[in-house]
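So the structure is just underneath, and the comments pick up after that.
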Amino acid sequence: MTAERFDPATADSRWQRIWDERQCFRADDASTKPRSFVLEMFPYPSGRIHIGHVRNYTMGDVLARYKRMRGYEVLHPMGWDAFGMPAENAAMEKGVHPGGWTRDNIANMKAQLKRLGFALDWSRELATCEPEYYGHEQSLFLDLYAAGLVYRKESAVNWDPVDMTVLANEQVIDGRGWRSGALVEKRKLSQWFLRITDFADELLEGLSSLDTWPEKVRLMQENWIGKSQGLRAKFHFVDSEDGIEVFTTRPDTLFGASFVAIAADHPFAQGMAANLPELAAFIAECKRGGTTAAELETADKLGFNTGYTVEHPLKKSRHLPVYVANFVLMDYGTGAVFGCPAHDQRDLDFARKYDLPVTRVVAEGDDTASRFDGDEAYSGPGRIVNSEWLDGMTIAEAKAAVIARAQHDGWGTAETQYRLRDWGVSRQRYWGTPIPFIHCEICGIVPVPKKQLPVVLPEDVSFDVPGNPLLRHPTWKHVDCPQCGKPATRETDTLDTFVDSSWYFLRFASQPADRPFDPEEIKRWLPVEQYIGGIEHAILHLLYARFWTRALARIGKIDVKEPFASLFTQGMVTHETYSRIDSANGQPVFFSPQEVERGGEAATLKVDGAPVEIGRVIKMSKSKKNVVDPDEIVATYGADAIRWFMLSDSPPERDLPWSEAGIEGCARFVQRQWRLFGQYDAHASGEDKALDRKRDQTVHAVAQDIESLGFNKAVARIYELTSATEKAAPSASRSAAIKALLLLVAPMMPHLAEEAFARFGEGLAAEALWPAVDPALLVDDEVTVAVQVKGKLRDTLTVAKGMPKDELEKLALASDKVQRAIDGAEVKKVIVVPDRLVNIVA
RNA sequence: GCGGACGUGGCGGAAUGGUAGACGCAGGGGACUUAAAAUCCCUUGAGCUUGCUCGUGCGGGUUCGAGUCCCGCCGUCCGUACCA
């Protein structure tokens with residue numbers, strides 16, 4: 001006799017304990033089974049598990065459990081991306097130590113994850129903030145340095161002149177420091193860089209092998225790398241051997257050039273500024289503002305006419321003015337461009353502002369006039385015009401012709417450029433991996449000897465003043481130079497946290513104490529079969545992880561080139577917002593879902609019963625208070641209900657709107673399944689062919705859906721089979737369908753499945769195999785064929801599968817409905833798609 | 001600014017170029033009950049003349065046939081190199 005209701009409050013933790021005790025989800029390195037490495041992006045330990053994490057890890061969990069049922073040895077690990085700014089912010093705001101804060105958060109979040117019943121191998125847990133992890137990272141960083149892939153150069157940061165500290169882009173709000181409110185400026189610092197540009201071509205070409213990655217992610221990475229063929233050309237100063245080298249991807253428009261613009265930090269600009277105070281002032285002006293691309297690109301186009309002119313390389317008599325301009329980036333190309341305003345929007349904006357000539361050199365349709373009106377540049381296709389010997393060529397022909405001429409005459413060369421820049425990894429912050437170098441006045445930059453690793457962060461630091469505590473720590477940075485033994489100082493910058501997440505998957509697969517990993521073990525587990533995480537990581541994290549893997553392969557540390565064989569980017573969890581306008585200041589005040597009573601069309605505040613405004617459905621965020629706490633949901637409805645919700649309805653790559661009604665529906669479905677599982681009768685007899693067919697078709701389709709991560713479709717099919725099974729009369733077939741259903745939902749609702757399966761006396765559902773299907777049952781013997789007249793549906797026919805075309809046509813024409821629709825007109829054509837449709841064109 | 005995606009009933013969505021709206025939620029009606037909860041059954045795109053018309057953000061196009069392919073718009077979201 002089964003209990004009437006499934007009680008997650010007692011069952012969830014009981015099964016979680018049993019899985020733990022039996023070490024059900026421990027990955028066996030020595031296993032002879034085929035292997036599967038399922039990985040979700042590890043979380044930042046912010047304090048509480050966010051519902052977005054639940055969605056991410058539920059998807060991975062279903063796949064991991066499913067793979068196990070299909071006979072794979074599964075590696076499904078979890079860890080913590082534990083360095084980063086929020087810990088330092090907490091230290092400043094609450095006076096807690098970043099380490100203590102982070103480790104407490106990890107303990108809390110780990111307990112939360114356990115309550116959700118994820119099939120994780122906790123024996124491999126790691127946190128990037130522990131020396132046992134980052135010490136190995138320092139060692140790998142030194143290896144990359146030895147291979148010439150690490151170097152130092154100057155680079156700009158956001159500088160807060162009041163707090164005298166470097167700001168992250170996130171800490172710059174409307175051009176001002178978030179704490180001081182001071183106008184932010186750019187400041188140059190000497191920083192550490194990784195030579196990712198050495199891998200630009202490899203990373204680009206590697207994308208084509210990642211055919212199970214989303215097309216959009218590959219495209220975004222391709223555009224980010226931004227390979228372009230162009231011309232590097234020298235524009236000589238008038239009557240001088242000196243000149244300015246520019247890079248252009250549009251050499252075809254060279255005759256349309258009307259000015260040359262160089263970056264504010266271009267050596268020529270810097271040199272001229274020494275004798276030209278107005279230019280020095282302009283360059284200082286360019287230092288205002290932050291360093292983000294969006295900010296640089298949308299800033300007003302500003303220029304300074306240096307008074308110098310250069311010769312047009314194709315027509316020495318034409319002289320072009322040289323401007324210093326804020327929209328030219330020293331980091332890209334040569335830090336100098338020629339402006340062709342008619343065919344580049346930025347150049348046009350600039351030309352209109354400074355009243356420079358605008359000449360059309362690419363025909364726009366029939367328009368070949370050299371005069372160019374309006375404020376919209378033309379960047380489309382067309383023949384070259386107003387360009388002497390280039391006239392009449394296509395853009396591609398003209399590009400080749402100009403490059404050929406430049407090479408022949410010696411003023412330019414064909415060049416491949418990348419938009420991708422080297423990766424600056426220095427951060428002027430405490431809570432990160434110390435960069436293992438020592439600055440010695442005599443020996444220069446000296447790597448920390450490997451036997452002195454890890455370089456451990458000091459614990460005794462203070463956050464009472466802004467800036468990097470490592471810099472003002474009384475003793476930590478003072479060391480003797482490993483080379484000459486004289487007093488020297490440690491590097492006080494720490495590594496970008498993206499470095500920590502660029503190799504953690506390797507450490508999951510293999511974690512010896514004395515080295516970062518064992519290459520043989522890496523070979524057995526990598527690449528990750530399925531990686532799942534947010535689309536926000538489409539470019540940076542995923543590109544950096546690909547780069548580290550290739551860099552480590554290049555220096556012979558591992559034998560894998562691409563870390564993630566398959567990638568899936570899931571959508572966010574969203575929720576509507578509730579607010580009222582505060583009459584005092586006109587600003588909205590937000591309320592959490594717990595404070596609000598939600599009716600059909602309206603919502604009221606529980607405390608006063610008066611209405612609140614229902615806002616748009618947006619990403620859950622603390623500031624909008626539209627968050628729900630996974631822990632509370634688990635306590636109210638159980639882990640399986642929230643897991644089921646995460647998989648239902650929305651396709652996993654799209655946003656999932658949270659709703660109270662939805663989670664209640666899921667909790668009801670858990671009970672509905674429980675009642676059905678309770679009706680299992682191992683001794684029932686009798687056959688139900690239709691149900692057998694439905695069962696095997698569902699098992700087959702759900703397997704395919706899980707493998708392609710189409711969880712919402714799998715869920716819909718499970719609903720259908722559930723309804724069909726409930727309606728069926730008792731039979732052996734019905735019992736088989738119930739058992740199959742139980743195993744289908746086992747990866748999704750594992751606690752319910754265990755509780756029910758225990759009564760079958762066949763061991764643990766977590767160790768059960770996926771139900772087998774009879775291929776003969778997968779094909780239907782009857783099909784429904786649509787009958788259209790001129791593309792509009794008029795009738796349907798139920799016929800034997802595989803009926804020949806001419807018979808289908810005859811049957812379709814015999815239909816009353818079809819004859820009425822034809823209405824005596826002549827039948828001109830009949831299209832027959834066997835087993836699907838007949839379309840009559842009359 | 002640049003790069004990428006998305007847009008289908010009241011809502012989330014389904015649909016190898018071939019019957020638009022599977023499945024779920026919400027709503028309406030009913031059964032059971034002293035009552036409620038739970039459960040079960042029926043019903044639900046719009047319009048009208050009840051067997052027809054219109055319907056997949058907007059405007060064009062290709063096709064026997066378009067939610068799906070092409071061109072041009074509009075709107076929303078994500079990334080933009082120091083948030084993770």
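These numbers were taken from a predicted model, which means no experiment stands behind them. Throughout, protein chains are lettered first and strands after them, A, B, ... in sequence-line order, and every chain is numbered starting at 1.
- Between A/Phe547 and A/Trp423, the two ring planes are perpendicular [angle over 60°; tilted spans 30° to 60°].
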- [ ] Go through the steps to decide whether A/Asp375 and A/Arg352 satisfy the test salt bridge (Lys or Arg N to Asp or Glu O under 4.0 Å), and finish with yes or no.
- [x] CA-CA 8 Å; A/Asp375 291 318; A/Arg352 293 291 187 227; 3.5 Å; yes
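- Judged by Watson-Crick or G-U wobble contacts below 3.5 Å, the nucleotide B/A22 has no partner.
- Taking the P atoms as reference points, B/C6 lies 13 Å from B/U68, given to the whole Å.
- Across all strands shown, A/Arg346 has no heavy atoms under 4.0 Å from either base or sugar-phosphate atoms.
- A centroid separation of less than 6.0 Å is found between the aromatic rings of A/Tyr134 and A/Phe83.
- Pairing of B/C6, defined by two Watson-Crick or G-U wobble distances under 3.5 Å, is identified with B/G75.
- At a threshold of 4.0 angstrom between heavy atoms, the contacts of A/Thr298 include nucleobase atoms, whether or not backbone atoms are also involved.
- Between A/Phe669 atom CZ and B/A38 atom C1' the separation is 17 Å, expressed in whole Å.
- If A/Ser650 and A/Gln345 are placed on RNA chain B by their nearest nucleotide, the residue sitting closer to the 5' end is A/Gln345.
- Phosphate proximity of B/A20 to A/Lys792: absent, as no side-chain N or O sits under 4.0 Å from OP1 or OP2.
- A straight line from CG of A/Leu296 to C1' of B/G1 spans 10 Å, rounded to a whole angstrom.
- Under the side-chain hydrogen bond (donor to acceptor under 3.5 Å, both in side chains) test applied with A/Thr433, the options A/Thr494, A/Asp500, A/Thr497, A/Asp496 reduce to a single match, A/Asp500.
- Nearest to the side-chain atoms of A/Arg675 among the listed nucleotides B/U39, B/G24, B/C64 stands B/U39.
- With both ends at atom C1', the span from B/G30 to B/U44 equals 15 Å, rounded to whole Å.
- A/Thr784 comes within 4.0 angstrom of a nucleotide base, judged by non-hydrogen atoms across all strands.
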Task: Under 4.0 Å protein heavy-atom contacts per nucleotide of nucleotides 65-84 of chain B, with B for base, S for backbone only and - for none - done: S----------SS-SBBBBB
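- With both ends at atom C1', the span from B/G12 to B/G79 equals 26 Å, rounded to whole Å.
- Looking at heavy atoms from C-beta onward, A/Met646 lies in side-chain contact with A/Leu656 at the 4.5 angstrom threshold.
- When both distances must be under 3.5 Å, the Watson-Crick or G-U wobble mate of B/G51 is B/C48.
- Between A/Thr574 and A/Lys619, the shortest heavy-atom contact is CG2-N, 3.7 Å.
- For the P atoms, the distance linking B/C83 with B/G59 amounts to 43 Å, nearest Å.
- Both distances falling under 3.5 Å, in either a Watson-Crick or a G-U wobble arrangement, place B/G1 opposite B/U80.
- Side-chain contact, A/Asp81 with A/Ser501: no donor N or O sits under 3.5 Å from an acceptor N or O.
- Residue A/Arg836 places none of its side-chain N or O atoms closer than 4.0 Å to OP1 or OP2 of B/U16.
- Proximity of A/Asn712 to the phosphate of B/G24: no side-chain N or O atom is located under 4.0 Å from OP1 or OP2.
- Aromatic ring pairs are classed by plane angle as parallel below 30°, tilted from 30° to 60° and perpendicular above 60°; the pair A/His53 and A/His50 is perpendicular.
- When the nucleotides B/A14, B/U39, B/A22 are ranked by their closest atom to the side chain of A/Arg668, B/U39 comes out on top.
- Side-chain contact between A/Met59 and A/Glu40 is absent, with no heavy atoms from C-beta onward closer than 4.5 Å.
- Rounded to whole Å, atom P of B/A22 lies 13 Å from atom NZ of A/Lys694.
- Taking atom C1' in both B/G9 and B/G24, the straight-line distance is 14 Å, to the nearest Å.
- If you take atom P in B/A36 and the same atom in B/U19, they sit 45 Å apart, rounded to whole Å.
- Anti is the conformation of B/G4, whose glycosidic angle sits further than 90° from 0.
- As a whole-Å value, the separation of A/His575 NE2 from B/G12 C1' is 14 Å.
- One C1' atom belongs to B/G17, the other to B/C23, and the distance between them is 24 Å to the nearest Å.
- Put simply, CG on A/Leu348 is 14 Å from C1' on B/G1, counting in whole angstrom units.
- In this structure, the CG atom of A/Leu219 is 11 Å from the P atom of B/C6, given to the nearest Å.
- Across the C1' atoms, B/U62 and B/G29 are found 47 Å apart, a figure rounded to whole Å.
- Scanning atom types as modelled, no donor and acceptor separated by under 3.5 angstrom connect the side chain of A/Asn223 and the base of B/G3.
- Two residues, A/Pro657 and A/Lys216, neighbour RNA chain B, and the one matched to the more 5' nucleotide by heavy-atom proximity is A/Lys216.
- A cation-pi contact, defined as under 6.0 Å to the ring centre and within 45° of the axis, is absent between A/Lys301 and A/Phe350.
- Side chain of A/Arg820, nearest nucleotide from B/G18, B/G7, B/G51: B/G51.
- Atom pair A/Leu793:CG and B/U53:P shows a separation of 11 Å (rounding to whole Å applied).
- Between A/Phe645 atom CZ and B/C11 atom C1' the separation is 11 Å, expressed in whole Å.
- Nucleotide B/U16: unpaired (no Watson-Crick or G-U wobble partner with both distances less than 3.5 Å).
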